[in-house]
There are 2 protein chains.
Amino acid sequence: MDAITNKRGVKPARERQNGIDRAIEILDALLRLHAPTKVGDLAKQIGAPRSTLYSITNRLIEAGILEAVGDEGSVYFGQTAHLYGRAYADANPLHRRCREVLDRLAMQTSATAQLCALRGNKYVVVDTRDGSGVFRITTDIGVEVPIPWTASGRLLLDHMTASEILDFIPEEDFQLPDGCVVETESFVADIARARSEGSCMTNGLSDRFTCCLAAPIRDRRGIAVATLCFIVPIDSSSERKRELLDRLVESALELSDQ
Amino acid sequence: MDAITNKRGVKPARERQNGIDRAIEILDALLRLHAPTKVGDLAKQIGAPRSTLYSITNRLIEAGILEAVGDEGSVYFGQTAHLYGRAYADANPLHRRCREVLDRLAMQTSATAQLCALRGNKYVVVDTRDGSGVFRITTDIGVEVPIPWTASGRLLLDHMTASEILDFIPEEDFQLPDGCVVETESFVADIARARSEGSCMTNGLSDRFTCCLAAPIRDRRGIAVATLCFIVPIDSSSERKRELLDRLVESALELSDQ
DNA sequence: GAATATTGTCCACTATAAAGGACAAAATGG
DNA sequence: CCATTTTGTCCTTTATAGTGGACAATATTC
């Protein structure tokens, strides 16, 4: 891999970009923006000439990967992108099993159950079953969130050393939405505790009203490749939180290799 | 659009192809093959130089759109493709509502309920809820099927004239899997009947053991943009088929504009 | 185990696509 | 209403990415 290429292939600015790189920039920008976007705005977002983006988006629209949405020139993901995604989810054994487990967990508990993983050096929700309770907490799939904001993030890093962890996470990601900064030492300690306990709970971290419960799905090497996660109101009883956490751990263990 | 470009942007062979076109060819080939594939085989499939495919697949793997799967050099769709697809499904109002309806239909009837649409001049299953019955019939999402093989296909063409229909469907698609050929006249008559009845039923068409029931979801212009569909064993009672069809029509009407 | 096929990487060549600007038309806003 | 911005398309230029071939290293077949 190119030495100047950083994680997940986001290449630094160059005079002249490859068409495929531009296309990937477009798709990732749309995922980040998480809404139909005008071609002109996309060009600004990724710092590319408008003429280039028009030609590429038109080609992607032809292929159905993007779709023109609304009466003006906004574009967003198209049906073909959906088919690609389903092909992935259907073929991936872990995903297939996780979907069933999520269904069961959400059904039995009425809480929001999620499958979470890393994407580069960020945390993303990969799949979700929104709870049926009154306080229906929803999260957008695929939106990148700083790792220190989440319970799952702590489990997903628990195979790393302290210095690896600090190298891995961008400085600014330790600042929570409310402005508070997570101390690196306590973060590393959190991760060690999560590892030894085999689960993680956070209260009021990414926002003041939610409690996140997470358990790791590990591969045969013991590395957490994903997590199962419940999102519940922070004022839920500690018995309920305990019970939900136990369910998570049990299900995540089933999904782990061996 | 380029005059020599045919439907859905599958360009004819040229000496030197665009990188984005190559990337799209790769993704569509994987969707068609519906299984992890070696880079060398992909090159054969789409008639491209191996060196080109290695460079493009590696770039797509970097971006997470593809993933290396298995211990040998096979590639298939990656997690990023899944996220793109979910972004589409979550943002598309029709899709969102259809998912709920599919859940309900499959739950209430224990039959396999599907959302179907056109992709170019083929029929594809866009989403599915596999039935819980003994005869669990499953279909692969995204795999292209000749339109004349399906009940849904007849509804999806019911805004076209006879000559438009025959221009639209490739000659060879009128041949069923069992070798029989669907007569064009009876096919056009099927479509007219489907249109007037507002639903379509086929018995033993794409295979000898299944009955397909379909109802159209129409946009404000009255064009069928998608169909809801049940797949049931062909020997189900005609009362059950009737009841299922009524449910479909009712649900599809709800999902139609106005 | 020799013969054949496949895999992944590298290189030089040149067709071509990304760039950057220009343009009219349409939308926006003060 | 005029002024400004945005939109979509078109054109020329030139850096470069797709090609096709070669290569060693494995796999595979007989």
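Sequence lines set the chain letters: A, B, ... in the order given, protein chains first and strands last, and positions in each chain run from 1. Owing to the predicted nature of the structure, the values given are computational and were not obtained by experimental measurement.
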Spacing between [X] atom [atom1] and [N] atom [atom2], to the nearest angstrom:
X	N	atom1	atom2	answer
B/I56	C/dA17	CD1	P	12 Å
A/L42	D/dG8	CG	P	12 Å
A/D21	D/dA17	CG	C1'	11 Å
A/I61	D/dT9	CD1	P	10 Å
B/Q17	C/dT16	CD	P	10 Å
B/N18	C/dA17	CG	P	5 Å
B/L53	C/dT9	CG	C1'	14 Å
A/I26	C/dA18	CD1	P	10 Å

Under 3.5 Å: donor-acceptor pair, side chain of B/N58, backbone of B/Y54: yes
Exam field: side chain A/R59 to backbone A/S55, donor-acceptor pair closer than 3.5 Å: no
Under 4.0 angstrom between B/K38 side-chain N/O and C/dT6 OP1 or OP2: no
Any B/T52 side-chain N or O less than 4.0 Å from OP1/OP2 of D/dT19: yes
A/D41 or A/G19, whichever maps to the more 5' nucleotide of DNA chain D: A/D41
Minimum-distance nucleotide to [X] side chain [options: [options]]:
X	options	value
B/Y54	C/dA18, C/dG8, D/dT19	C/dG8
B/I20	C/dA19, C/dA18, C/dT7	C/dA18
A/K44	D/dT19, C/dA18, D/dT6	D/dT6
B/S55	C/dG21, D/dG18, D/dT7	D/dG18
A/N58	D/dA17, D/dT9, C/dT9	D/dT9

Geometric class of the B/H82/A/Y88 ring pair [parallel <30°, tilted 30-60°, perpendicular >60°]: tilted
Minimum heavy-atom distance B/N121-B/I147, with the two atoms named: O-CD1, 3.4 Å
Donor-acceptor pair under 3.5 Å, A/R50 side chain vs D/dG8 base: yes
Residue of the set A/T128, A/L228, A/T112 for which side chain to side chain contact (heavy atoms under 4.5 Å, CB included) holds with A/L102: A/L228
